[in-house]
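See below for the structure under consideration.
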Number of protein chains: 2
Amino acid sequence: MISEKNQDLKKAGLKATLPRIRILQLLETNKQRHLTAEDIYKALIDAGENVGLATVYRVLTQFEAAGLVTRHYFEGGLSVFELDEGSHHDHLVCTNCGKIVEFCDDELELRQQQVAKKHGFTIADHCLYIYGICRDCQNKL
Amino acid sequence: MISEKNQDLKKAGLKATLPRIRILQLLETNKQRHLTAEDIYKALIDAGENVGLATVYRVLTQFEAAGLVTRHYFEGGLSVFELDEGSHHDHLVCTNCGKIVEFCDDELELRQQQVAKKHGFTIADHCLYIYGICRDCQNKL
DNA sequence: GTATATGCAAAACTTTTGCATCCTT
DNA sequence: AAGGATGCAAAAGTTTTGCATATAC
């Protein structure tokens, strides 16, 4: 299983070092797909790995540059990292419980292209975060 | 002119103090509508005001709570503040020159409501940032 | 063996907080 | 006069950087 990650990393032009393999594994297997650098660092420490927070940031930055990972800047100035599995999507964020729902809507994508075109922009990227209260929290509150 | 701002501030339940008036003036008159706390602080210092950066943050936070100002978390983890003049809008950001174009598109707004509803969310807020290259930069590059 | 990556500690940034003093009402 | 607001300095939180050591190829 580690040899698979080796391949993934090498394809991305990165040496297959232990911290990189562990971080990649964690991102792939963790239930919560959106993690802060601190989350990842703590999880690795808890798992008995000897890793530095600085390395986590360095690795995540490299992963982002290599397109393996997407970095989001959520409200509150917090960054979360998410494995990029090729399929673009946007996010619904529950401001009460923190739940994140991913979705992708072709109509929204298309309309954004039209808006950008109208203003003379070539879209490189976009992010849409919809903040609200999820069903569960609505019932609880 | 200062007395007008007094009214605005009092309406918002805030005492009309000098730093608040100056910051409000700056947000209203500055060409660039999106400013960081640091930008505002520097502009006030340059204008000869004796103000602390902490006060700028405090005032902006109060303005945000009072609905006078909107805070955005852009890529890079940087916060920018913008006068809230009541009309919701989204942003096109040029990743080359930093230009920001505001727009509002009813179709996008409507579609977001539909998507949120489908997932059981009640929308409190949303932000859509489209990152790309503006017309001017496309011609230059 | 060589170059790159790592861990640790220290630094750089942004934002917040404590506290004595000042200003608005 | 009284309470809230301010400036300064120090603290807190996140992310980056320097450097000697360890690791992958």
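A:R20 contributes a side-chain N or O that, together with a main-chain N or O of A:K15, makes up a donor-acceptor pair within less than 3.5 Å.
With sequence neighbours excluded, the residues satisfying side-chain contact (heavy atoms from CB on, under 4.5 Å) with A:T36 are A:E38, A:D39, A:L78, A:V80. Partners of A:D84 by side-chain contact (heavy atoms from CB on, under 4.5 Å), not counting sequence neighbours, listed by chain and number: A:T70. Every residue two or more places apart in sequence or in another chain was checked for a side chain to side chain donor-acceptor pair (under 3.5 Å) with A:Y131, and none qualifies. In this view, B:E109 satisfies the salt bridge (charged side-chain N to carboxylate O under 4.0 Å, His left out) rule with no residue, not counting sequence neighbours. B:E102 meets the side-chain contact (heavy atoms from CB on, under 4.5 Å) test with B:R33, B:H34, B:E82, B:H89, B:H91; sequence neighbours excluded. Residues satisfying the side-chain contact (heavy atoms from CB on, under 4.5 Å) test with A:A66, not counting sequence neighbours, are A:A12, A:L68. Residues passing the side chain to side chain donor-acceptor pair (under 3.5 Å) test with B:Q113: none are found, sequence neighbours excluded.
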| When every nucleotide of nucleotides 20-25 of chain C is labelled 5' to 3' by its protein contacts under 4.0 Å (heavy atoms), B for base, S for sugar-phosphate only, - for none, what sequence of letters results? | ----BS

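A heavy atom lying under 4.0 Å from DNA chain C marks the following residues of residues 30-51 of chain A, by number: A:N50, A:V51. Contact check of residues 52-71 of chain A against DNA chain D (heavy atom, cut-off under 4.0 Å) returns A:L53, A:A54, A:Y57, A:R58, A:R71.
The distance from atom OH of B:Y73 to atom C1' of D:dG13 is 14 Å, rounded to the nearest whole Å. Between B:R22 atom CZ and D:dT6 atom P the separation is 13 Å, expressed in whole Å.
In this structure, the side chains of A:H72 and A:Y129 come closer than 4.5 Å at one or more pairs of heavy atoms. B:I23 is listed as a side-chain neighbour of B:I40, based on a closest heavy-atom distance under 4.5 Å.
Counted by atom type alone, A:R111 and A:Q114 present one or more donor-acceptor pairs between their side chains at under 3.5 Å.
Note on the helix from C:dG1-D:dC25 to C:dT25-D:dA1: terminal axis deviation equals 30°, with five pairs used at each end and the result rounded to 10°.
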| task | Might you work through the side-chain contact (heavy atoms from CB on, under 4.5 Å) test for A:L9 and A:T17, ending with a clear yes or no? | result | CA-CA 9 Å; A:L9 289 169; A:T17 63; over 6 Å; no

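Legend: side chain to side chain donor-acceptor pair (under 3.5 Å) pairs involving residues 40-58 of chain A, not counting sequence neighbours, sorted by first then second residue: A:R22-A:E49.
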